[in-house]
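Heads up, the thing below is written out as structure tokens.
A, B, ... follow the sequence lines: proteins, then strands. Residue 1 opens every chain. The model shown is predicted, which means the values in this text are computed figures rather than measured ones.
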There are 2 protein chains.
Amino acid sequence: MKNKIPPASVERLPLYLSCLGDLSAEKSRVSSEKLSSLAKVNSAQVRRDLSYLGTLGTRGVGYEITTLKNRLEIELGLVKGWNTIIVGVGNLGSALAQYDGFREKGFGVVGLYDVDPKKISSQVAGLVIKSTEEIEEDCKKYKVAIGIIATPAEFAQETANSLIACGIQSILNFAPFRLQNIGNVNIRNVDLSQELQVLSYYLDSPPV
Amino acid sequence: MKNKIPPASVERLPLYLSCLGDLSAEKSRVSSEKLSSLAKVNSAQVRRDLSYLGTLGTRGVGYEITTLKNRLEIELGLVKGWNTIIVGVGNLGSALAQYDGFREKGFGVVGLYDVDPKKISSQVAGLVIKSTEEIEEDCKKYKVAIGIIATPAEFAQETANSLIACGIQSILNFAPFRLQNIGNVNIRNVDLSQELQVLSYYLDSPPV
DNA sequence: GAGTGTGAAAACATTCACAGCT
DNA sequence: AGCTGTGAATGTTTTCACACTC
């Protein structure tokens, strides 16, 4: 049923959704040109991307904002909402636990886990931090779809392995380590220091 | 002088550098096959990427680890180190301020800024949070190269504008807003909720 | 024999430019 | 007249496969 959308397009769909939210509520329609200026991509790209979702626009007129929003949310699977857990409650993990953007888009954080006995039983963002040993039971109980890894690099792979063993479908990995994908899981890596290193490449070289 | 490396390759260079660090110190050489298994990319890709840096390997032998590391650090401009500042010291901003990965790769955080009077003058990660009004002076004083934006979406653009006005060369933007690039600045966006949304697309659709 | 470096092919992504609909 | 949807052109990235060197 699901007609395949190219990966590069999928990556931009959330962006369009977010840009639609920034639009004034007075307007009911938007053109590819307008969306393209908000999202900072070529307007032909916008039209091509949206065309993968079906025939949504009206020639000579543009796209109906509400319809487009709904369609994007359906396509991205945001309608139902998904449960997530965070493993590793250091600085980054607890910042993520408190990040409103997740909940706003329907991603509820239902569990926090750590190996540090000093952290276990304390609370962050209204959740009690539990031992990583409880992950498996909780994943089943709460039907967790996405696991967020915010552990140090050296524990990332074993964390991923146990998440996969629990039947988790997707992993968002913040640890600076390239996970091996046992099984058929979707993994996205966000490596903060790598982002800075890429920027560094494009910085003017220091004077000789 | 700088021969152009394709953007897709540049994005992988920090990954290779990180994988080299994971290698046992006993070995002095590494093959593209070995690197490819650590970085989880095709081995032809590794060889192609590294070939952009010059002729670094030895046929039949592999790459000298130390030489390769040095070359990558030079190419990425990590040798000298760069000063950064963080604007917006909420949960995410303060997690970033405390993130060791930045300092380890030579990115020193030299300033934290916020608009909230309750935060100003308090300390995070050994730094006093200052008013955003002090950004301009500090940027010049400390020769800041990279600005990290961790403000709410609604303040992201004005923050970017003032960073650009201060002569900052690159921006790492964590606010869920697509910045308009006034001037000739390099911008990278990291949108946490968008990452989850992309994963959501690939999740099994909820049963009907 | 082992493993790099790279032409050439294939796959993928972006952009142009315009026919076609409202 | 205005703006979408999309063939066709162009550009970029990945992968294959092998000549070449150590």
(request) Say whether, by atom type as modelled, one donor and one acceptor occur between the side chain of B:W82 and the main chain of B:K143 under 3.5 angstrom. (result) no

(request) Can you sort out which residues in residues 53-62 of chain A have a heavy atom within less than 4.0 Å of DNA chain C? Ascending by number, please. (result) A:T58, A:R59

(request) Would you list the pairs meeting salt bridge (charged side-chain N to carboxylate O under 4.0 Å, His left out) in which at least one residue belongs to residues 45-73 of chain B, sequence neighbours left out? (result) B:R12-B:D49, B:R71-B:E75

(request) List for me each residue that meets salt bridge (Lys or Arg N to Asp or Glu O under 4.0 Å) alongside A:K141, sequence neighbours excluded, and say none if there are none. (result) none

(request) Taking side-chain contact (heavy atoms from CB on, under 4.5 Å) as the test, write out the residues that go with B:E158, two or more places apart. (result) B:F155

(message) Just to verify, what does B:E136 make a salt bridge (Lys or Arg N to Asp or Glu O under 4.0 Å) with, not counting sequence neighbours?
(response) B:K140

(message) Listing request: all salt bridge (charged side-chain N to carboxylate O under 4.0 Å, His left out) pairs with a residue in residues 193-203 of chain B, at least two apart in sequence or in separate chains.
(response) A:R188-B:E195

(message) Below 4.0 angstrom, which residues in residues 25-48 of chain A have at least one non-hydrogen atom near DNA chain C?
(response) A:N42, A:A44, A:Q45, A:R47, A:R48

(request) With sequence neighbours left out, write down each residue that passes side-chain contact (heavy atoms from CB on, under 4.5 Å) with B:T58, or none if nothing qualifies. (result) B:V61

(request) Apply ring-ring contact (aromatic ring centres under 6.0 Å, His included) to A:Y99 and list each qualifying residue two or more places apart in sequence or on a separate chain. (result) A:F102

(message) Tell me every residue that passes side-chain hydrogen bond (donor to acceptor under 3.5 Å, both in side chains) with A:Q194, counting only those two or more places apart in sequence or in another chain.
(response) A:D191

(request) Please list, in 5' to 3' order, the outermost nucleotides of DNA chain D lying under 4.0 Å from any heavy atom of chain B. (result) D:dT13 to D:dC22

(request) Could you list all the salt bridge (charged side-chain N to carboxylate O under 4.0 Å, His left out) pairs where at least one residue sits in residues 98-116 of chain B, not counting sequence neighbours? (result) B:D114-B:K119

